[in-house]
Amino acid sequence: EGRSWGLTPQEISQLCFHHHDALQEFETLLASTFPQFTLMRLPEAVLGESVSPLTANAATYGDTFDHHIDADPALTPPSPWTDVYGRYPNRCKGKPRFMSCLVYINEEWDCDDWGAPTR
């Protein structure tokens with residue numbers, strides 16, 4: 001397993017369930033970027049209380065990561081969410097979409113040298 005300097009569960013809970021001006025500003029900016037959508041954090045009803053609507057991880061040199069699915073509405077467990085919306089492919093018309101948003105807080109991002117597809 002790779003090492004990381006991520007936040008503790010208590011710190012993530014603090015981010016998720018208390019007001020932070022920087023998070024509010026970011027969520028407002030994100031919502032204004034996509035005015036045709038109603039954006040929200042992943043409700044607990046979707047995947048259960050053990051899955052946080054926010055996470056924070058700081059990868060360290062030498063860590064490796066691979067493609068993975070953060071969440072998929074076709075793979076939701078039995079839950080109030082699934083009872084209402086069912087299981088469906090993401091991006092189905094008229095159904096909530098799941099998306100992930102990664103925020104890199106580096107002052108710069110060098111895609112060519114760091115080998116990531118992020119722009």
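- Annotation: the span from E27 atom CD to S32 atom OG amounts to 12.0 Å, rounded to 0.5 Å.
- In this structure, the side chains of Y85 and P96 come closer than 4.5 Å at one or more pairs of heavy atoms.
- For the pair L75/F98, no side-chain contact is recorded, criterion being any heavy-atom separation below 4.5 Å from C-beta on.
- Taking CG of L30 as the start and CG of L23 as the end, the distance is 11.5 Å to the nearest 0.5 Å.
- Judged by distance alone, with hydrogens and angles left aside, the side-chain atoms of T82 form a donor-acceptor pair with the main-chain N or O of P77 at under 3.5 Å.
- Going from atom CD of E11 over to atom CD of Q14 covers 9.0 Å, rounded to the nearest 0.5 Å.
- Remark: F34 CZ to R97 CZ distance equals 10.0 Å, nearest 0.5 Å.
- Nearest heavy-atom pair, P73 versus P89, reported as atom, atom and distance to 0.1 Å: CG-C, 4.4 Å.
- A distance of 9.0 Å separates OH in Y88 from CG in D72, rounded to the nearest 0.5 Å.
- S79 contributes a side-chain N or O that, together with a main-chain N or O of A45, makes up a donor-acceptor pair within less than 3.5 Å.
- A pairwise comparison of heavy atoms in H18 and H20 identifies O-CD2, 3.1 Å as the closest pair.
- Taking CH2 from W81 and CZ from R87, the interatomic distance works out to 13.0 Å, rounded to the nearest 0.5 Å.
- Residues L47 and A71 share a closest heavy-atom pair of CD1-CB, 4.3 Å.
- The nearest pair of heavy atoms linking T33 to L29 is OG1-O, 2.8 Å.
- Looking only at side-chain heavy atoms (C-beta outward), R41 and L54 come within less than 4.5 Å of each other.
- Under the 4.5 Å side-chain contact rule for hydrophobic residues, V84 and L42 share a cluster.
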